[in-house]
2 protein chains.
Amino acid sequence: MAGSTLRDVARRAGVSIRTVSNVVNGSVPVSDELRVRVQAALDELDYRPNLVARNLRRGRSGMIALVVPELDVPYFAELAREVITAARTHGYVVMLDQTDGDGERERELLGRESRATMFDGLLLSPLSISADELRRRTNRVPVVLLGEHIFNGSFHHVAIDNVAAARDATEHLIGLGRRRIAAIGDQPYSTGETAQLRTTGYRQALERAGLTVDEQLIVPTPRFHRHLGAEAMERLLARPEPPDAVFCYNDLLAIGAMHTLARAGVRVPDDIAVVGVDGIQEGRYSSPSLTTVAPDKAAIARTAVSTLLGVIDGSAPPPTEAKAPHRLLVRQSTAGTPVA
Amino acid sequence: MAGSTLRDVARRAGVSIRTVSNVVNGSVPVSDELRVRVQAALDELDYRPNLVARNLRRGRSGMIALVVPELDVPYFAELAREVITAARTHGYVVMLDQTDGDGERERELLGRESRATMFDGLLLSPLSISADELRRRTNRVPVVLLGEHIFNGSFHHVAIDNVAAARDATEHLIGLGRRRIAAIGDQPYSTGETAQLRTTGYRQALERAGLTVDEQLIVPTPRFHRHLGAEAMERLLARPEPPDAVFCYNDLLAIGAMHTLARAGVRVPDDIAVVGVDGIQEGRYSSPSLTTVAPDKAAIARTAVSTLLGVIDGSAPPPTEAKAPHRLLVRQSTAGTPVA
DNA sequence: CCCACGCTTTGCAACGATGCAGAGATGATG
DNA sequence: CATCATCTCTGCATCGTTGCAAAGCGTGGG
């Protein structure tokens with residue numbers, strides 16, 4: 001029951017432990033006769049290498065951790081899928097953890113008693129923890145950051161160009177002839193860097209088009225969840241002069257907003273056009289389907305994983321700020337007619 | 001840089017390795033004087049225990065693996081979240097892997113060279129692999145199965161009562177006065193056990209209500225994805241006598257079906273009522289919002305984790321088939337008016 | 001016939017931690 | 001004052017594997 005070891009197999013085959021190891025690993029040549037005998041013993045005992053021991057000896061675990069705020073947020077689930085796939089092509093497996101955007105949990109993760117030492121490296125998508133703190137806490141563990149939060153030259157970092165993404169989305173709305181364009185999702189405080197970049201892009205687009213920015217149309221939300229999008233939209237509808245389009249900082253907010261619009265009998269996109277960010281699958285089948293700025297998640301994952309592995313084996317250049325591509329997917333929520 | 005070990009700390013504090021270990025673990029009493037000195041050394045060197053070494057010695061890794069077909073399927077993402085949370089309350093972390101429903105991948109996972117030995121136990125949600133094969137391959141690793149596929153007394157197992165769930169959904173539609181009720185998602189072949197149980201429940205409900213089962217209204221789908229639900233619905237709409245309600249075997253199928261209905265200008269629920277299974281968050285904000293039979297995912301996760309830990313520490317009873325509760329959440333896609 | 005060489009096989013040490021048993025010091029007891 | 005119990009603290013062995021260096025063995029060349 002307890003699992004057989006190299007020693008058990010060696011005894012049974014009448015050879016040394018080392019020879020069994022050589023057969024298992026195949027790196028060192030073993031004579032046919034012994035190989036056959038050892039292989040038989042391996043099969044009979046159903047030997048499986050103890051990876052914990054192997055890892056200790058080799059100094060590598062073959063595991064990286066991916067830490068996201070919430071796994072049940074589709075963007076992170078889809079990203080996680082890509083990360084797992086990317087890691088697998090390098091022979092790595094991925095441990096997933098979620099912090100609920102709780103700074104405490106994020107801190108714990110890097111603390112004295114954390115399991116971080118079990119992993120060769122960490123992919124972090126931090127929400128609350130500050131750059132300084134992160135730097136102080138990740139002394140030895142290779143880290144690559146995902147998403148926009150925190151960059152100051154201390155860490156490798158992979159994200160889309162959030163300013164450009166927001167600008168693209170807003171310009172698309174402007175191109176449709178919309179003039180009162182609202183924004184849902186600003187986070188004008190220290191840990192809302194991604195949101196702030198998107199606000200910047202939104203403003204740029206309006207200004208470049210010669211439109212004035214109505215501050216009343218920028219509705220902040222503490223998180224990027226459906227119900228917060230729904231509430232924000234309610235507030236916008238309650239205004240004397242509601243918008244004719246909404247740029248939501250992610251798809252969940254957009255879906256929440258559309259939910260409110262549907263209940264209120266407002267037509268999308270005829271009365272109000274809606275665009276989101278993230279390109280989650282959910283948006284392809286919503287009614288109406290959702291126009292969105294989709295980051296190339298596979299590219300993000302591939303870049304993040306290979307950068308991290310580079311840091312792990314020491315071959316990585318100094319911290320880089322990698323930008324992944326994004327593209328606008330036009331669907332019913334702005335175009336009206338089905339496109340894809 | 002390389003991370004300091006007990007030996008480094010011991011040398012610095014001028015004590016034995018063992019004493020440092022005692023300070024770190026706190027299990028054995030250490031005099032105040034030494035404790036202070038050791039603690040200082042620990043801090044100065046920023047000592048972090050090497051968990052790989054600790055695990056080797058202790059014979060436990062504190063990790064379990066959760067294997068699901070696809071992480072970006074909302075049901076699995078939401079379940080994974082609950083599993084991670086449940087595991088954390090027991091001091092365990094969770095490694096996530098996905099198989100894409102690929103039997104090969106599932107087999108690989110349990111094979112000779114798998115990483116399964118790195119984990120204290122496995123939570124499996126298998127799609128393709130057969131019971132026999134699973135039994136042959138999981139000799140030593142504690143396993144608990146999630147979902148309906150495979151149960152024959154060899155494994156602990158946690159799921160909802162799929163027959164009852166399907167019956168509840170169908171009876172709800174019957175209760176609304178619907179008579180031509182279609183079913184989307186049957187899988188009449190060996191690995192479609194969950195689907196078949198739902199078909200059974202669907203039939204039971206119709207028969208109990210004295211309705212005849214129209215085999216033409218049972219549309220199989222190879223997987224439970226949105227686009228397959230959309231296609232299945234197209235086929236149903238093309239029939240001379242379309243249904244007046246659809247029971248979809250999961251929420252993604254239902255959302256796909258509603259997508260098709262929206263494009264076709266069919267009103268939900270007026271013309272066709274739709275109900276799904278899974279209770280994913282997406283359904284609360286779809287338009288219309290989706291009536292669904294929601295499994296208690298937190299209960300499933302808690303039961304699965306504590307059962308698995310029981311198997312690991314040997315305190316578990318022989319394999320059990322645990323049933324988690326489910327409940328019907330009535331929303332617009334059947335009720336018409338907003339309920340929650 | 002001996003030596004050198006190449007190939008296979010082996011033993012030992014080590015990865016970093018913890019279990020165990022015993023050494024040393026201290027205090028309590030008869 | 002001797003003996004024993006108590007409390008810290010330490011050294012050694014060990015978890016299962018792999019790196020390293022050397023031993024064993026057969027072969028070909030001189």
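Letters go in sequence order (proteins before strands), and every chain restarts at 1. In what follows, every heavy atom counts, from backbone to side chain, and hydrogens, waters and symmetry copies are set aside.
Following rounding to the nearest Å, A/Leu56 (CG) and C/dA17 (P) show an atom-to-atom distance of 9 Å. Atom P of nucleotide C/dG19 and atom CZ of B/Arg58 are separated by 7 Å, given to the nearest angstrom. Spacing between atom CG of A/Leu6 and atom P of C/dT9 amounts to 16 Å, rounded to whole angstrom units. Computed from coordinates, the A/Asn25 CG to D/dG16 P distance equals 17 Å when rounded to whole Å. Counting to the nearest Å, the C1' atom of D/dT17 and the CG atom of A/Asp8 are 13 Å from each other. To the nearest angstrom, C1' of D/dG19 lies 16 Å from CZ of A/Arg60.
Ionic pairing of A/Arg81 and B/Asp100 is present here: one or more N-O contacts between side-chain nitrogen and carboxylate oxygen are shorter than 4.0 angstrom.
Shown here are the salt bridge (Lys or Arg N to Asp or Glu O under 4.0 Å) partners of A/Arg37, two or more places apart in sequence or in another chain: A/Glu33. Residues meeting the side chain to side chain contact (heavy atoms under 4.5 Å, CB included) test with B/Val311, sequence neighbours left out: B/Pro142, B/His156, B/Ala316. With sequence neighbours left out, B/Ala40 forms a side chain to side chain contact (heavy atoms under 4.5 Å, CB included) with B/Glu44. Listed by chain and residue number, nothing satisfies the side chain to side chain donor-acceptor pair (under 3.5 Å) test with B/Arg11 (two or more places apart in sequence, or in another chain). Partners of B/Asp120 by salt bridge (Lys or Arg N to Asp or Glu O under 4.0 Å), not counting sequence neighbours: none found. With sequence neighbours left out, the side chain to side chain donor-acceptor pair (under 3.5 Å) criterion links B/Asp97 to A/Arg88.
A donor-acceptor distance shorter than 3.5 angstrom exists from the side chain of A/Thr5 to the backbone of A/Arg7, with no hydrogens or angles considered. Formation of a donor-acceptor pair under 3.5 Å by the B/Thr19 side chain with backbone atoms of B/Ala10 is not found in this model. A donor-acceptor contact shorter than 3.5 Å links the side chain of A/Lys297 to the backbone of A/Asp278. With hydrogens and angles ignored, the 3.5 Å screen pairs a side-chain donor or acceptor of B/His157 with a backbone N or O of B/Gly147.
For D/dC15, neither phosphate oxygen OP1 nor OP2 lies less than 4.0 angstrom from any side-chain nitrogen or oxygen of A/Asn50. Phosphate proximity of D/dT17 to A/Asn55: absent, as no side-chain N or O sits under 4.0 Å from OP1 or OP2. Contact annotation: A/Arg54 reaches the phosphate of D/dT18 (side-chain N/O to OP1 or OP2, under 4.0 Å). In this structure, A/Ser21 reaches the D/dT18 phosphate: one of its side-chain N or O atoms is under 4.0 Å from OP1 or OP2.
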Anything under 3.5 Å between a protein N or O and an N or O of nucleotides 22-27 of chain C, put it in a table, one pair a line.
none

Do any N or O atoms of the protein come closer than 3.5 Å to N or O atoms of nucleotides 7-14 of chain D, and which pairs are they?
unit_1	atom_1	unit_2	atom_2	d
D/dC9	OP1	B/Ser31	OG	2.5
D/dC9	OP2	B/Ser31	N	2.7
D/dT10	OP2	B/Ser16	N	3.3
D/dT10	OP2	B/Ser16	OG	3.2
D/dT10	OP2	B/Thr19	OG1	2.3
D/dT14	O2	B/Arg57	NH1	2.6

Look for any protein N or O under 3.5 Å of an N or O in nucleotides 22-26 of chain D and output each such pair with its distance, or none.
none

- Item | Intermediate values then yes/no, side chain to side chain contact (heavy atoms under 4.5 Å, CB included), B/Val23 and B/Gln39 | CA-CA 8 Å; B/Val23 171; B/Gln39 190 59 55; 4.1 Å; yes

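Listed by first and then second residue, the side-chain hydrogen bond (donor to acceptor under 3.5 Å, both in side chains) pairs that reach into residues 299-311 of chain A come to none, sequence neighbours excluded. Residue pairs that meet the salt bridge (charged side-chain N to carboxylate O under 4.0 Å, His left out) test with at least one member in residues 13-28 of chain A, sequence neighbours left out, do not exist here.
Axis deviation across the helix from C/dC1-D/dG30 to C/dG30-D/dC1 amounts to 70°, comparing end segments of five pairs, rounded to 10 degrees.
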